[in-house]
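Comments concern the structure below.
As the structure is a prediction and not an experimental result, all values here were calculated from the model. Numbering of ligands and ligand atoms starts at 1, following listing order.
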Amino acid sequence: MSHGTWPQQPTETLASTSIEPLLTRDYDADPALVHERLRGKYGPVAPVDLLGVPVWFVLGYEDVLRVLQNAGGIWSKHVDRWHAYVEGRVPADWPLLPVFQVNSSAFQEGTAQRELRAAWTSALVPFQDQSQAQAKKLEHAIVRYADDLLDVLTEGGSTGWADLAAQYARPLPLMVANRLLGFTAARGEDVVMDIWRMIDAGPDAPAAFERLYAAMRELAATKRDHPGDDLPSYMIQAKPDFTLDELARELLMLPGLLDFTASLVCNVVVEVISNPDVRESLSVGSIDETVNRVALLNPPMANLTFRFPMTDVKLGNYTIAAGDPVMLSVAAAHADPRFAGAIDRQAIRSTRAHMAWGAGPHACLGQRLATQITIIAVRRLFDRFSKIKLALPADQLPWRPSPFMRALRSLPVQYQLAGDHVHARTAGPAEAQPSRSDEAAGRPAPRSPLWNFLRGLRRPR
Ligand code: HEM
């Protein structure tokens, strides 16, 4: 495979190349510009500094796909394959280290990974296969959660300001996570709040992580003894030899994955608000096409956690040494002129040949669920509001600094409820009494910490 006019640099190693930091202010503001600069300077693979650690950053579509597909079986995600880590050259306080040390299925290889993946695949069937009763019930629950959140958001009146990221897009998938996990409503409330603290990586994140790990372990033990209609029980059914620690590690992946869903919801909302044609198309039921287009143009999982080659391998203009860390950039790959140049932007159906959901042996197993949550969230929002406009120009929206995700920090909007919704649900969750079935569905109680927290986010008009 030829990569244009860049000189071959076979003798350069990751340590010997002069590298520049990836995560700069420029990167937070406009990663695409940084990708293009790196592509112009180095070709499809660039050496970069990631918070003090040297990493190969892969920008080429074909190269990212080749590594993902792992046809020769030389690529591993297991942190023990990282030579610098094993040799103690990665600082113990490197901020991303906990991500790689968690050792869940996303970082395993061989038989262990295949078995855990099979458990996920089978446990998700009842919730993702629309012919199953659980999937129908889940769909209704997602609609109800969306409506409850919109009720709280609009309690102050039929017009106003809101942060759709904090008040809607982020809590919604976490409520779904809670339901999938099968926590009781009251326990689930604490868990949702801790998940939020952990994902935001603030000063209380380590304590929240400890509590969450303990909660997941306790949940695993409960479900082993008393199985229910939930993800942990189906996982145990699929893999009865799960240890409690093993299962707790898998369950802890769920909140993070659902937070990626929140960022997809936000990105789709921005696309719909900013583009009248897209808004028009919602009414004819083509939200799934919009979701695909947004995932293609702005993938929520922008860069993937590292892979390590087990033998030296040629990639781009470099030879990657065995045990070097390689970060695949889905976002940069989608903008690779060799891929992006071939996309017909006027096509009614956008290409599905993208990697927003990964590819190969670690490809996403929750794509259908994430898409379903996004579709329901967007549909309920635009059904209930007659007007929504961004409170900031689209190019000034604030993004969360992150090496892995492209997610809005906030999504400030001005809204107006549609006439038939102004009085439709005036009781809202504040006055509604939760029924037994609400409790069973993990729906938060009216005066719960979550609702109080969300009420605290409301902005005066
Ligand atoms: C918009 C939301 C989501 C996006 C963009 C997304 C994307 C991805 C991508 C790109 C990967 C591959 C990572 C890699 O190869 O390094 C992945 C893996 C995975 N995803 Fe998703 N995902 C989302 C939501 C979900 C949800 C909601 C679930 C489950 C309920 C889920 C389950 C998984 C699992 C279990 C893996 C690991 C598979 C493995 O390592 O074998 N994802 N996801």
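Residue S263 does not touch ligand 1, judged by heavy-atom distances below 4.0 Å. Proximity of L264 to ligand 1, defined as any heavy-atom pair under 4.0 Å, is confined to the side chain (atoms from C-beta onward).
Taking atom 41 (O) of ligand 1 as the reference point, the nearest protein heavy-atom neighbour is R117 NH1, 2.8 Å. Protein heavy atom nearest atom 15 (O) of ligand 1, with residue, atom name and distance: R307 NH2, 2.7 Å. Of the protein's heavy atoms, L254 CD1, 3.5 Å lies nearest to atom 30 (C) of ligand 1. In terms of protein heavy-atom proximity, atom 12 (C) of ligand 1 is nearest to H362 O, 3.4 Å. Atom 5 (C) of ligand 1 has its closest protein heavy atom at A356 O, 3.7 Å.
Every atom of ligand 1 with a heavy atom of L369 under 4.0 Å away is listed here by number and element: 30 (C). Close approach to P361 involves these atoms of ligand 1, each under 4.0 Å from a residue heavy atom: 41 (O). Close approach to A363 involves these atoms of ligand 1, each under 4.0 Å from a residue heavy atom: 38 (C).
Between H35 and Y27, the ring center distance clears the sub-6.0 Å criterion.
Note that the CE atom of M235 and the OG1 atom of T121 stand 9.0 Å from one another [nearest 0.5 Å].
Under a 4.0 Å heavy-atom criterion, Q113 is in contact with ligand 1. Under a 4.0 Å heavy-atom criterion, A359 is not in contact with ligand 1.
The only member of H78, R114, R81 that meets side chain to side chain donor-acceptor pair (under 3.5 Å) when paired with E109 is R81. With respect to S105, the side chain to side chain donor-acceptor pair (under 3.5 Å) criterion is satisfied by exactly one of E246, E250, Q113: E250.
At a threshold of 4.0 Å, the pair K137-D229 counts as salt-bridged, since one of the basic side-chain nitrogens sits closer than that to a carboxylate oxygen. Here D163 does not pair with R170 in a salt bridge; the nearest charged N to carboxylate O distance is not below 4.0 Å. R66 and E62 are not joined by a salt bridge, as no carboxylate oxygen comes within less than 4.0 angstrom of a charged side-chain nitrogen. The pair R384-D147 counts as a salt bridge, with a side-chain nitrogen and a carboxylate oxygen less than 4.0 angstrom apart. Taking 4.0 Å as the cut-off between side-chain N and carboxylate O, R144 and D151 do not count as a salt-bridged pair.
Taking the six-membered ring where tryptophan is involved, the planes of F339 and Y61 are essentially parallel, since the angle between them stays under 30° and well short of 60°.
At under 3.5 Å, a nitrogen or oxygen of K77, whether backbone or side chain, sits near a nitrogen or oxygen of ligand 1. The N/O atoms of W120, backbone and side chain alike, include none that comes under 3.5 Å of an N/O atom in ligand 1.
Here the side chain of S233 pairs a donor or acceptor atom with the backbone of G228 at under 3.5 angstrom.
Neighbours of atom 21 (Fe) of ligand 1 restricted to protein N, O or S atoms under 2.8 Å: the count is 1.
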Item to complete: Begin from the C-alpha positions of W82 and W56 and carry the test ring-ring contact (aromatic ring centres under 6.0 Å, His included) through to its verdict.
Response: CA-CA 13 Å; W82 185 3; W56 296 109; over 10 Å; no

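Under the 6.0 Å distance and 45° angle rule, R406 counts as a cation-pi partner of W399.
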